[in-house]
Amino acid sequence: LLGAAFLGIGLWAWAEKGVLSNLSSITDLGGFDPVWLFIVVGGVMFILGFAGCIGALRENTLLLKFFSVFLGLIFFLELTAGILAFVFKDWIKDQLNFFINNNIKAYRDDIDLQNLIDFAQEYWSCCGAHGPDDWNQNIYFNCTDKNPSRERCGVPFSCCVKNPTEDVINTQCGYDIRLQGDLLRQKDIFTKGCVGQFEKWLQDNLIIVAGIFVGIALLQIFGICLAQNLVSDVKAVKASW
C-alpha cells in the first residue's frame, strides 16, 4: 500500500507538470527530477510487497521465490555500491560534484528540483558544489554582461544566512551578493560548498548512518530467510500429500 501511495504521488506530480501528456519531456530536464525517486522507490516497494504478501497468503512458491531473489538482488546491489563507494571515494566525489553542478544549471527548469536544492542548501548550510561562485553556471545567476536577469551575480535565497528576527523569508536576500568581496559576503550567505558540508555531515553522523544501513540489511536478510523457510514448509506439506 505504501508503494502504491508513492507511485500515485509520483504519477500525480508528473500529471501536474504535464509529463504524462508529453512523455518525451521526461528527458528534457537537464538535471535530476525528484519525482523519479517516488516512481522508482514506489515501484520497487509495490512489486516486493505484492509478491511477498500474496505469495505468503496464497502459499505461492513462485511469488515467494521471486520475492527472495528480488530482495537478494537489491541487497547485493546495496552491498556492491557500499564497497565501490569506499574504494573509489575520489571518483564518487567527482561524480557528486558533476551531479550538483549539472542540477545547478537546471535550477529554474523544474520546481521540484528547485525545492530539493533549496532544502539541501538550507539543511547543510552550504551554497553550490564548492561555493557560491558555482551559481555562475546558471543562466539566471551568471555574471555575464549579457544576462538581463535581476538575479544576475546573485544566489538563491537558500544560500542566505537566516536572520532569527525575521519571520518571513526574504527571497531577494541573494541579489547582487556575488558582486561583493569574499569577506563581505560571508556575513550574508553560506560560503562553504555542499560537497564538503555533506562529507562533514557524514563523518559527524557516521554511526547513525551505518546503523540505518545495517538495520535495513538485516531486515532484508530476515525477509529472505522467512520467505525461503515458508517455501520449504509448503514443499514439505505438498510432498506429504
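In the hydrophobic clustering of this structure, Ile104 groups with Ile139; members are Ile, Leu, Val, Met, Phe, Trp, Tyr whose side-chain heavy atoms approach within less than 4.5 Å, directly or through other members. No continuous path of hydrophobic side-chain contacts links Trp12 to Leu7 [ILVMFWY only; heavy atoms under 4.5 Å]. Both Trp91 and Ile83 belong to a common hydrophobic cluster when Ile, Leu, Val, Met, Phe, Trp and Tyr are linked at side-chain heavy-atom distances under 4.5 angstrom.
A pairwise comparison of heavy atoms in Cys127 and Gln121 identifies CA-OE1, 3.6 Å as the closest pair. The minimum heavy-atom distance between Pro156 and Phe141, with the atom names listed, is N-CE2, 3.7 Å. The shortest non-hydrogen separation linking Ala227 to Leu64 is CB-O, 4.1 Å. Between Cys160 and Gly174, the shortest heavy-atom contact is SG-N, 3.5 Å. Nearest heavy-atom pair, Gly10 versus Val35, reported as atom, atom and distance to 0.1 Å: O-CG1, 3.3 Å. Heavy-atom minimum distance, Pro34 versus Leu116: CG-CD2, 3.9 Å.
For residues 74-124, no pair satisfies disulfide bond (SG atoms under 2.5 Å apart), with sequence neighbours left out. Sorted by first and then second residue, the pairs that involve residues 228-241 and meet side chain to side chain donor-acceptor pair (under 3.5 Å), not counting sequence neighbours, are Ser68-Gln228.
Annotation: cation-pi geometry not satisfied between Lys65 and Phe67 (NZ/CZ under 6.0 angstrom from ring centroid, within 45° of ring axis).
Side-chain contact between Phe32 and Leu37 is present, with at least one heavy-atom pair separated by less than 4.5 Å. A heavy-atom distance below 4.5 Å is found between the side chains of Asp33 and Trp14. Between Leu84 and Val87 the shortest side-chain heavy-atom distance does not fall below 4.5 Å. Val209 has its side chain out of reach of Leu206: every pair of non-hydrogen atoms, C-beta onward, lies at least 4.5 Å apart. The closest side-chain heavy-atom distance from Asn103 to Ile117 is below 4.5 Å.
Between Arg178 and Asp134, no side-chain nitrogen of the basic residue sits less than 4.0 Å from a carboxylate oxygen of the acidic one, so the salt-bridge criterion is not met.
For Leu73, the CG atom counts as densely surrounded, since its 6.0 Å shell holds more than 12 non-hydrogen atoms of other residues, nucleotides or ligands. For Leu77, the CG atom sits in a packed shell: over 12 heavy atoms of surrounding residues, nucleotides or ligands are nearer than 6.0 Å. Few gaps surround NZ on Lys162; more than 12 heavy atoms of other groups in view lie less than 6.0 Å from it. More than 12 non-hydrogen atoms from other residues, nucleotides or ligands lie less than 6.0 angstrom from CZ of Phe70. Residue Phe50 qualifies as open at atom CZ: its count of foreign heavy atoms under 6.0 Å is 12 or below.
Arg152 is linked by a salt bridge (charged side-chain N to carboxylate O under 4.0 Å, His left out) to Asp145, counting only residues two or more places apart in sequence or in another chain. Here Asp112 pairs with Lys17 under the salt bridge (charged side-chain N to carboxylate O under 4.0 Å, His left out) rule; sequence neighbours left out.
Side-chain atoms of Asp118 and Tyr107 form a donor-acceptor pair, as typed in the model, at a separation below 3.5 Å. If you check the side chains of Trp135 and Asn142, you find no donor sitting under 3.5 Å from an acceptor. Glu151 and Gln172 share no donor-acceptor pair across their side chains, judged by distance under 3.5 Å alone.
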Inset, instruction - Please lay out, stage by stage, how Leu62 and Phe66 fare under the test side-chain contact (heavy atoms from CB on, under 4.5 Å). - result: CA-CA 6 Å; Leu62 183 63; Phe66 173 80; 5.9 Å; no
Inset, instruction - Please lay out, stage by stage, how Phe157 and Asn170 fare under the test side-chain contact (heavy atoms from CB on, under 4.5 Å). - result: CA-CA 7 Å; Phe157 73 92; Asn170 178 13; over 6 Å; no
Legend entry - Derivation and outcome, side-chain contact (heavy atoms from CB on, under 4.5 Å), residues Asn101 and Gln137: CA-CA 8 Å; Asn101 285 325; Gln137 301 176 72; 3.0 Å; yes
Inset, instruction - Would you sort out whether Arg185 and Asp176 count as a salt bridge (Lys or Arg N to Asp or Glu O under 4.0 Å), showing the intermediate values? - result: CA-CA 10 Å; Arg185 69 174 70 167; Asp176 304 321; over 6 Å; no
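The SG atoms of Cys159 and Cys126 lie 2.5 Å or more from each other.
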Show me the donor-acceptor pairs, under 3.5 Å and distance only, between side chains in residues 38-49 and residues at least two apart or in other chains.
none

Hey, can you pull the donor-acceptor pairs under 3.5 Å for the side chains in residues 188-203, sequence neighbours left out?
from   : atom 1 : to     : atom 2 : distance (Å)
Gln197 : NE2    : Trp124 : O      : 3.0
Lys200 : NZ     : Asp204 : OD2    : 3.2

